[in-house]
Amino acid sequence: MNPVKKEKMDGQLDLTFTYKNNKTIIKDVFQKAPLKASRGLYVQDDSRLSMYIMESSGGLVAGDSNKLSFTLEEGSDVMIHPQSATKVYPTLYDETSRQSIEISLAKNTNLTWQREEVIPFEGAIFDSHTVINMDSTASLWWEEILYPGREKRGEFFTFKKYQTLFEVWRGDDCLVYDPLIFRPADQTLTAIAVMENYHFLASLWIVFPDSSFSVTSLQEKLTELEDHQVSITQICENGFLIRWLSNHLAQIKKDMDQLKEALAPR
């Protein structure tokens, strides 16, 4: 007996932020289930708005898609938190679960995206495309972590396909074009220069208009630990990629938080 196909869900979340009367506010919002935005929160002061992305479905099931769009108007300062990890469920008919994110950062804006954690389950197919267009005076702090699967079920890169493309543009200049494709059935992920024997892959993208730190100063803020490798690449004059291959998820998060505390604009 063939399994019954599930009706696809196409979530959508469009948000525009603006800076008015010395505070960042949500100017406009459109949301379509299962995606929803929380109300704006002011944790430190009124100049920075924090917001959670909520998903009522519990994850992406084969063929589902989520489309997110964020526009930060001049002077806006926003921190976005996905409420929970993005869970990608198995596919029955080789259908792809998709996520697309489009972001526009105007003059003197600051966006912090705090940890997009993706967990592709055994048999899952996931495709994600993120495009960020930013002004030369804008700031970006973007965190991502890839899990190998459901740890309690012993899943270790047993998904069918994981594909992402991350782009950052400053006008006509492409600062970042970072494609990543894992097909465990066709690749030896434990090979040298791939995942080797590490469980977690994490990335932190930093682009600031002005920065006084260097690769050396960033390295000084990171922890040396067995089974925990960190690399730093300068992608432009004021931009860096920090990437982790690690078996210590808690240490990855600690490193990110320490860097944010020391370096992120307030």
Side-chain angles (χ1 to χ4, degrees), residues 11 13 15 17 35-38 40-41 43-44 48-55 58-60 66 68-70 72 77-88 97 99-103 105 110-121 124 126 128-132 139-151 159 162 164-168 176 178 180 182 195 198-208 218 221-223 225 228-232 239-266:
L13 182 61
L15 283 157
F17 304 90
L35 293 178
K36 185 177 181 181
S38 74
L41 305 171
V43 179
Q44 297 177 337
R48 164 169 281 195
L49 181 145
S50 293
M51 187 214 74
Y52 288 87
I53 301 172
M54 298 177 288
E55 185 179 26
L60 291 166
N66 282 339
L68 302 97
S69 174
F70 304 101
L72 274 64
D77 187 351
V78 179
M79 179 179 287
I80 297 176
H81 307 255
Q83 187 182 38
S84 60
T86 299
K87 302 177 183 68
V88 188
S97 298
Q99 174 179 273
S100 67
I101 304 174
E102 294 184 4
I103 294 174
L105 304 179
N110 176 31
L111 173 64
T112 298
W113 181 277
Q114 185 158 343
R115 283 199 280 278
E116 162 73 332
E117 302 170 353
V118 180
I119 308 176
F121 294 178
F126 179 66
S128 176
H129 188 190
T130 299
V131 181
I132 301 173
S139 297
L140 174 67
W141 184 281
W142 190 277
E143 303 173 354
E144 293 182 337
I145 301 176
L146 169 63
Y147 285 55
R150 291 170 288 189
E151 183 178 2
F159 50 82
Y162 175 89
T164 64
L165 176 57
F166 184 75
E167 300 181 55
V168 180
V176 177
D178 185 56
L180 181 66
F182 286 150
M195 287 300 298
Y198 295 104
H199 287 201
F200 303 102
L201 172 66
S203 303
L204 169 59
W205 300 92
I206 306 172
V207 182
F208 294 160
L218 289 172
K221 295 175 173 34
L222 296 168
T223 303
L225 194 66
H228 182 77
Q229 301 294 325
V230 191
S231 66
I232 303 173
F240 297 86
L241 163 63
I242 304 172
R243 184 156 276 170
W244 288 260
L245 282 174
S246 179
N247 290 329
H248 303 285
L249 179 60
Q251 187 60 53
I252 293 174
K253 295 181 178 182
K254 184 177 179 180
D255 283 352
M256 287 181 171
D257 290 341
Q258 288 177 338
L259 288 166
K260 188 187 296 102
E261 179 65 25
L263 305 174
R266 293 170 172 80

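Position 1 is the first residue of the sequence, and the numbers go up from there.
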Side chain to side chain contact (heavy atoms under 4.5 Å, CB included) against [X], all qualifying residues, sequence neighbours excluded:
{"X": "Leu225", "answer": "His228, His248, Gln251"}
{"X": "Ile119", "answer": "Ala85, Phe121, Tyr147"}
{"X": "His199", "answer": "Pro148, Phe156, Asn247"}
{"X": "Ser69", "answer": "Asp14"}

I'd like to check the side chain to side chain donor-acceptor pair (under 3.5 Å) partners of [X]; sequence neighbours left out, ordered by chain and number.
{"X": "Trp244", "answer": "Asp255"}
{"X": "Arg243", "answer": "Asp178, Ser203"}
{"X": "Thr86", "answer": "Glu116"}
{"X": "Glu167", "answer": "His129, Trp169"}

(Q) Going by the rule ring pair (Phe, Tyr, Trp, His ring centres under 6.0 Å), which residues pair with Trp142 if we only count those two or more places apart in sequence or in a different chain? (A)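 Ring pair (Phe, Tyr, Trp, His ring centres under 6.0 Å) list for Trp142, sorted by chain: Trp113, Phe166.
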
Q. Taking only residues two or more places apart in sequence or in another chain, which ones pass ring pair (Phe, Tyr, Trp, His ring centres under 6.0 Å) with Phe17?
A.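 For Phe17, no residue satisfies ring pair (Phe, Tyr, Trp, His ring centres under 6.0 Å) once neighbours in sequence are set aside.
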
Q | Residue pairs passing the salt bridge (Lys or Arg N to Asp or Glu O under 4.0 Å) test where at least one lies in residues 78-88, sequence neighbours excluded | A |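 Sorted result for residues 78-88: empty, none.
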
Q. What residues, two or more places apart in sequence or in another chain, satisfy salt bridge (Lys or Arg N to Asp or Glu O under 4.0 Å) together with Glu117?
A.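 Partners of Glu117 by the salt bridge (Lys or Arg N to Asp or Glu O under 4.0 Å) criterion, ordered by chain and then number, come out as Arg115, Lys253.
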
**Q.** Sidechain N-carboxylate O distance under 4.0 Å for Lys36, Glu55
**A.**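 So Lys36 does not pair with Glu55 through a salt bridge.
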
